[in-house]
Structures are given as C-alpha cells and as structure tokens.
Protein chains: 2
Amino acid sequence: MPAQKAHSGSSRARRGPPWTAENSAGFISPVGVAIDVVLLSVRDGALSLVLVRDDDDQLVLPGGFVLDTEDAEAAASRHLREKTGVEAPRHLEQLKTFTDPSRDHRGWIPSLAYLALVPPETDLSGERALWQSLSDGVPKLGYDHTGILEIALDRIRGKLWWSNIAVGILPGEFTMTRAREVYEAIAGIKYDPSTFARDLNHTALVEPTREHVMTSRGRSAALYRFVSDDLVWGEGRRKRVRG
Amino acid sequence: MPAQKAHSGSSRARRGPPWTAENSAGFISPVGVAIDVVLLSVRDGALSLVLVRDDDDQLVLPGGFVLDTEDAEAAASRHLREKTGVEAPRHLEQLKTFTDPSRDHRGWIPSLAYLALVPPETDLSGERALWQSLSDGVPKLGYDHTGILEIALDRIRGKLWWSNIAVGILPGEFTMTRAREVYEAIAGIKYDPSTFARDLNHTALVEPTREHVMTSRGRSAALYRFVSDDLVWGEGRRKRVRG
DNA sequence: AGAATAGTGTCTGTAAGACAATATGAA
DNA sequence: TTCATATTGTCTTACAGACACTATTCT
C-alpha cells in the first residue's frame, strides 16, 4: 500500500468522483481524517499566521491527512514540518472538529482544527508557505478556513489573561515591554505599560530572572520568564481584550 | 449494505481481530467515527449525569457511531434518543476529539466527546440508562470516559458565569432561588442568596418576567427568564467556582 | 405570633483603568 | 543636558464577598 502522504495536500484540488471507503465489517467508513492548523505568532507587533498556497493558488491553512499510525497531534506537527518547515510548535491545542460529511468534495473526511504557536523569529522553509499579518483584518481563505481562523483568534484571546498561553510566542526570557507588545497584538488593544506590568506580575505566571538588558536607548529593563513552560491556568485577570 | 447502527454500541465489548478499512484510492482509512456524550443536569440539588450499562456491565457514557449521512451533532442527538430516550438536549457542544489509533480495540475509530444539557425533570426511557449523581464524587467509568467527564465538568464550570449555559438546565421561567441551586450544583460551592441575585442580574443575561409564584412557604418569588435561549456570552462575572 | 423564604441595603477589600512622577541609561 | 524607555506610585471606579436588615406569606 502506498504511503498515505501521497494523497494529502497537493491532490486536494483534484475534482472527480468522491472517494469511498468500507470497513471489514461491511460498513461505510470515512475516507480519511484530516487536520488543519492555525499557526500563529506575533511578528513586528502584528498577530500573524502561516498560510500555504494550494494547487488552485488559494491561500489555505497548512494541513493534511492523519495516518493510521499516529494521533492527530502528531499529524499536525508532521504536516507543519513538511509544509512550512516549522520543527515543533511551542504550543498545540485542539480547536474543533468538523464532521459534515459533505464538507470535503473528495469524500467523507472529518477534519480536526488545531491552534499552534511559535516564537516570532520562526522562519519558514517551504516554498509555498508564507507569514500573513492580521493587522489589516482577517484574510479570505479557501474552504472553511476563514471560520477556523476566527475560532482560533477567539480561543487565544479568551485564554490570554487566564493562562500562560503567551509562553508559546514569547522567548524564554523577555522584558515587560516585549511581553506587552505580544499581549497587545493578541488582544487587539493597547495596555498602559505600568498597569500591564502590575497585572501580569499579579497573575503569578511570570517571575523575574534578576537579570537586566539594554534594549536600545533608555533605562535597562528587567527580564522575566514564565514559571511553567506548559500551559497552565492562572488566577485570571478580568482585563479588556479586543475593545 | 446493513445499517451502520448494527455495529454501534452493543457490540462494543466484542473481542476478536480489529476491523480494518480501506478507501477507494487504496489507502488505510478509519473504521468509523464515534461520539460519546456527557449528558448533565441538576437533580435534587446535585449535578447528575446519564450513564448506560454496556454489554460488559460497565458504566459508560451514551454514544455510538456516526453515520455517513449525518454530522456528529446529529449522531449525538440520535444516540441520546435511542439509548436514553432523551428527545433533544437543550444544549449540545463539542468538547474534544480523541484520535489515538489504538484507543479502541475494534480498530481505528476517532471519537468526538460532547457535552449535553437537559432540564432536571427529563426522564429516561432506555432500560440500560440511569441518572448518576455526582454529589459523592466522579464515578469510575469504562474506557477513557472518566477523563471525558472531567473535561465536561471543567467546561461547564468555566462557562457558568461567562455565558448563559445554565439555560440548558433551568426551566424557561425560574426563581432566583431555583437558579441559585443550579449554579451552586454546577460550581460546587454555595453562593450568598442576595449577592447571587445581584450578580446574576448584573450579567444582563436574565430578565424579570414581572410574574410571581408561591414556592412553598414564605414570600412569593419573582420569576426570571434568560434573554436568549441560545448560548451567548455575557459581560462575565469573576465569581468563585469550585472553591 | 412565629417560622420560612424573598429581597434590599451597606460595608469592605481587591481589581483594573488612567495617568502623574521618578529612575536609569544613551546620545 | 536632553531624550527615551523603564518603573513606581496614586487616584478612582467597579466588582464581589459578607452580612445585617426589611418584606411577604404561610401555619
């Protein structure tokens, strides 16, 4: 049997009769399981995502089929690596599964949407992959991918002040100003610098490293790090987002 | 081809060689897609869920296979109806999809977990279905269902004061005391009656009907209703839960 | 009258927005 | 010295917990 990879991604645009599948008990079964990944970061002060150009020249989310030897998280990481060159996202979480049997013209293919985060300096290797800034609004994507992107943005904004989810984007050590830029890009609003620092410290999700750095001009800034590299929930700050 | 229903649910306990499936393009495909539903309500002041007894006499969540003619929400409603007699849950939302290919001994079967809510007076018709109170802790369930239940409880607690999710459990019109009992059962803590009323009103998710009812003894109580029957997000109250 | 339930009013500590004032380092 | 950035401090409003007090209706 040929590798499943052969029918993933690049053949998506192909038309023709849909595929079918049947299991050994004689019942109709899905043709496959797919994943789509919303890979976000904050670049040059703007929330940005990775898109790939498919065979129809549409901009779509990176994704592809799940193999029978891996779970969906592994498939998401694998397709990111193959299609965008991103080795391992710092954060990966499930968003929603789309199950309408007619959602994919190739046949009955449930699709799992994922949210992934990487640091800003992440470079892409695939020729078809590109960073797209969200500062000018949400771009129109192929298939149902615009809707998936909206879900991803709701999710990361919803978690911003209630978890350490920004650990997926910020470097290991960062200044308050750096953190604020990332939070502002995600939230879509500006925060007062002093209030921001007070409230982020108040979450107890970050701790000072006792080191200082010069950024450009002006006073040197204290460095902070997240207490945990894994996703954890904090006390929660009821701070404005997207106002 | 026989109805897919024949291989759902009751045959789950059967051992033997796993099923396999292949699609018309010659690739391995999932054997099927399943759903499992955490159906919750508040009965006699206790958060309760519906369980069914499977062929191995294990207590498990109601669920079964998704057909190629329906999406997963429809499958969840259908299996609830068939296995528990619950006609249509007042609320149904996706929790998480489990995709480990080895999670089901019958073969490669991704499973979607759902949270469903019904009013307390909902009676069950299936002989194998029962209401289980959660007041004495979380019961041990078969398969990975205990973990799914934990996710469901986290979800409903997380949304309690940020959405009108209780609309799935409370009757169309209710007193503040009734609402408080439901919120307390979900949150797992007690609320001060006057503070509760003040804060629930403050969400603007409920409105008074201008009617009053006698409950048993004491002063008559004002009736309220949720402004929307669909799930909506409120301003959000930063109230304690599960303390 | 007394008990039981519903509802109002008030006090207090904390949270979060706004912004003034000070500290530190480079040009 | 002057500018730019970082950090501390203050003021104010709103929120949420606690709880005293009033209102209504039944036995």
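Nothing here was measured: the structure is a model prediction, and the numbers come from that model. Chain letters run A, B, ... following the sequence lines, proteins first and then strands; every chain starts at 1.
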**Q.** Closest contact, heavy atoms only, T146(B) versus P139(B)
**A.** OG1-O, 3.8 Å

**Q.** R90(A) versus L170(A), closest heavy-atom pair with distance
**A.** NH2-O, 3.0 Å

Q) Can you tell me if the side-chain N/O atoms of S220(A) get under 4.0 Å from OP1 or OP2 in dT24(C)? A) no

Q) Side-chain N or O of H202(A) less than 4.0 angstrom from OP1 or OP2 on dA16(C)? A) no

Q) Which comes earlier along DNA chain D counting from the 5' end, the contact point of M214(B) or that of M176(A), where each point is its nearest nucleotide? A) M176(A)

Q | Nearest-nucleotide 5' precedence on DNA chain C, P193(B) against G218(B) | A | G218(B)

**Q.** Closest-nucleotide ordering on DNA chain C, the 5'-leading residue of D192(B) and R217(B)
**A.** R217(B)

Q) In terms of ring plane angle, is the pair W162(A) and W162(B) parallel, tilted or perpendicular, where the classes change at 30° and 60°? A) perpendicular

Q | Ring geometry between Y183(B) and F196(B) (parallel below 30°, tilted from 30 to 60°, perpendicular above 60°) | A | perpendicular

Answer with base, sugar-phosphate or nothing: what part of the nucleic acid does [X] contact at a heavy-atom distance below 4.0 Å?
X       : result
A222(A) : sugar-phosphate
T195(A) : base
T175(B) : nothing

Q: Answer with yes or no whether S194(A) presents, from its side chain, a donor or acceptor under 3.5 Å of a partner atom in the base of dT8(D).
A: yes

Q: May I have the distance from R198(A) (atom CZ) to dA15(C) (atom P), rounded to whole angstrom?
A: 9 Å

Q) Please give, in whole Å, the distance from dT5(D) P to R219(A) CZ? A) 14 Å

